[in-house]
Participant: 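After the structure tokens below, expect a handful of questions from me.
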Number of protein chains: 2
Amino acid sequence: MNYSSLRHTSIFECCAKAEIESIENAIGLPVKRYKKDEIILHAGECVENICIVLSGSVRIDSNDIRGNRSILKIVKRGEVFAEAYACIPDVPLMVDAVANEPCEIVFLNVAKLFSLPESETKNKLLKNLVAISSKKNLHLSARILHTASKTIRGRVLSYLSQEATKQNSRFITIPFNRQQMADYLSVERSALSKELGKMKADGLIDYHKSTFKLTL
Amino acid sequence: MNYSSLRHTSIFECCAKAEIESIENAIGLPVKRYKKDEIILHAGECVENICIVLSGSVRIDSNDIRGNRSILKIVKRGEVFAEAYACIPDVPLMVDAVANEPCEIVFLNVAKLFSLPESETKNKLLKNLVAISSKKNLHLSARILHTASKTIRGRVLSYLSQEATKQNSRFITIPFNRQQMADYLSVERSALSKELGKMKADGLIDYHKSTFKLTL
DNA sequence: CTCCTTTCGTGGTTATAACAACATAAATTT
DNA sequence: AAATTTATGTTGTTATAACCACGAAAGGAG
């Protein structure tokens with residue numbers, strides 16, 4: 001097992017090598033390698049493992065009934081996925097998890113983790129798990145908030161305002177290009193470009209690429 | 001303290017009276033009463049307590065920059081709110097929590113809970129916390145999925161399909177009236193009514209009030 | 001530097017949803 | 001049961017965003 005990589009994952013944060021070993025001995029930490037585009041988890045199946053991305057990256061695909069694929073999320077090295085499903089038994093996956101590039105995934109069985117005798121290490125893991133889940137919660141809630149407005153302008157303002165608050169500045173840099181920003185706000189790219197242009201003309205914002213200025 | 005009510009909350013699920021008492025002795029479980037429409041948590045403040053609804057109900061309000069109020073959620077008796085914020089220190093609330101009717105709220109300090117020595121009871125609470133958070137996660141993800149489509153029809157189908165899967169039947173009852181369904185899908189009520197009518201005409205669905213039939 | 005690819009903005013067209021106003025039906029109150 | 005309120009459906013109008021096609025700009029690779 002590659003402990004140095006594992007130590008830098010969100011779920012094993014603040015764990016020493018010995019602690020990870022003790023977990024491995026107690027409940028096992030199987031690793032699996034996947035080729036690019038290989039499916040790691042299929043929609044419909046039930047999972048009982050938290051999946052940890054040791055290397056490479058994974059994309060979470062939503063495939064609605066009529067074959068409309070859309071990428072919900074890219075899970076990067078050190079991050080985890082499927083943890084919510086793993087913590088709620090018997091709920092079938094709504095999405096696919098696919099290797100976005102060659103990757104190694106470590107599987108952590110949650111039920112076994114829970115049934116472990118109390119220990120400092122177990123406690124750390126649970127704490128980390130709560131933090132991961134809570135953070136994701138806040139992100140999901142924020143996105144819902146930002147896509148609540150019926151107009152593109154409203155969505156953009158909602159999103160940029162929050163970013164401005166977070167970054168504590170009216171000059172903000174967002175982690176998206178136009179297409180990604182459009183996807184995040186659930187609008188069409190060119191329509192977003194158009195609206196951003198109008199907002200600039202109206203003196204609401206200024207921008208260049210992914211840097212924006214809110215002219216309050 | 002009203003232990004019998006507390007025992008039936010999601011966070012204290014499966015805890016005996018003695019266990020709750022031990023938690024109360026160790027970290028305290030202050031209770032506060034609120035009048036209808038009294039603000040329990042203000043947007044902008046940071047919270048460190050999980051808030052437990054002992055009686056009454058609480059509504060989570062989003063007030064965007066331009067005074068557009070919208071009800072994000074009603075938290076009922078036995079449920080908790082603000083838990084995600086409480087688990088991630090120093091993140092300011094994006095929403096208000098307001099007493100929807102006279103209510104009693106119990107406050108559970110997460111940091112204190114985490115720093116408690118390991119015990120069976122602490123373990124139960126953490127497990128419950130993970131379950132609560134994970135469940136909420138799945139709900140939020142589902143909602144994002146359902147509002148991803150750009151058309152009302154797509155959103156309705158996405159939502160109803162999942163409900164059909166969950167309820168394991170093509171006859172489904174949803175927990176919403178039209179207005180609530182429209183809010184959930186982020187569309188306008190009358191537009192939703194219109195589209196539902198069209199979908200019925202197109203033979204896709206049948207419905208009466210809040211019961212639907214997917215004609216696959 | 002040139003070629004190629006990707007990203008971004010623009011214009012025009014069309015589909016769609018928001019909005020407003022009203023009608024009908026259902027539920028609640030008295 | 002009548003009256004009031006609330007929920008739902010309907011119609012028409014208008015604003016808006018999706019969609020399509022294109023061109024310009026930026027970024028990378030050879």
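Since the structure is predicted, the reported quantities are computational estimates derived from the model, not experimental observations. Order of the sequence lines sets the chain letters (A, B, ...), proteins ahead of strands, with each chain counted from 1. Below, all heavy atoms of this structure are taken into account, side chains as well, without hydrogens, waters or symmetry copies.
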Participant: Can you establish whether the number of heavy atoms outside A/K135 located under 6.0 Å from its atom NZ is more than 12?
Facilitator: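 Incorrect, the count does not exceed 12.
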Participant: Mind calculating the distance between CD1 (A/I152) and P (C/dA17) to the nearest angstrom?
Facilitator: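 From A/I152 CD1 to C/dA17 P: 14 Å.
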Participant: Run the side-chain contact (heavy atoms from CB on, under 4.5 Å) test against B/S141 and tell me which residues pass, sequence neighbours left out.
Facilitator: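 Listed in chain order: A/L140.
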Participant: At how many degrees, to 10°, do the end axes of the helix from C/dC1-D/dG30 to C/dT30-D/dA1 meet when each uses five pairs?
Facilitator: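 The two end axes of the helix from C/dC1-D/dG30 to C/dT30-D/dA1 meet at 50°.
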Participant: Could you list the residues that satisfy side-chain contact (heavy atoms from CB on, under 4.5 Å) with A/E48, not counting sequence neighbours?
Facilitator: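 Expected list: A/N109.
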Participant: Salt-bridged, A/R33 to A/E104, with N to O below 4.0 Å?
Facilitator: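 Yes, this pair counts.
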Participant: Is NZ or CZ of B/K32 both nearer than 6.0 Å to the six-membered ring centre of B/F107 and within 45° of the ring axis?
Facilitator: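 Here B/K32 fails the 6.0 Å and 45° test against B/F107.
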Participant: Any side-chain donor paired with an acceptor under 3.5 Å for B/S57 and B/E101?
Facilitator: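 A pair is found: one side chain offers a donor N or O, the other an acceptor, under 3.5 Å apart.
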Participant: Can you pull the contact range of chain B along DNA chain D, 5' to 3', using atoms under 4.0 angstrom from its heavy atoms?
Facilitator: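 From 5' to 3', the first and last contacting nucleotides are D/dT8 to D/dA18.
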Participant: Hey, which of B/Y159, B/Y207, B/F171 is the one that makes ring pair (Phe, Tyr, Trp, His ring centres under 6.0 Å) with B/F212?
Facilitator: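 One option only clears the test, and that one is B/Y207.
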Participant: Can you give me the closest heavy-atom contact between B/A99 and B/Y34, atom names plus distance?
Facilitator: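 Shortest heavy-atom separation between B/A99 and B/Y34 comes out as CB-CB, 4.0 Å.
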Participant: List the atom pairs, with distances to 0.1 Å, where a side-chain N or O of residues 187-195 of chain B and a protein N or O form a donor-acceptor pair under 3.5 Å, not counting sequence neighbours.
Facilitator:
| unit_1 | atom_1 | unit_2 | atom_2 | d |
| --- | --- | --- | --- | --- |
| B/E188 | OE1 | B/S190 | N | 3.1 |
| B/E188 | OE1 | B/S190 | OG | 2.8 |
| B/E188 | OE1 | B/A191 | N | 3.1 |
| B/E195 | OE2 | B/R153 | NE | 2.7 |
| B/E195 | OE2 | B/R153 | NH2 | 3.2 |

Participant: In this structure, how many angstroms lie between the C1' atom of C/dT24 and the NE2 atom of B/H208, rounded?
Facilitator: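 So the two atoms are 14 Å apart, to the nearest Å.
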Participant: Does a donor on one side chain sit under 3.5 Å from an acceptor on the other, for A/D206 and A/T215?
Facilitator: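 Looking only at side-chain atoms, A/T215 and A/D206 do not form any donor-acceptor pair under 3.5 Å.
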Participant: Rounded to whole angstrom units, what separation is found between the CE atom of B/M181 and the P atom of C/dA17?
Facilitator: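 Value for this atom pair: 13 Å.
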Participant: I need a per-nucleotide contact map over nucleotides 5-10 of chain C, read 5' to 3'. Cutoff is protein heavy atoms under 4.0 Å; write B for the base, S for backbone only, - otherwise.
Facilitator: ---BBB
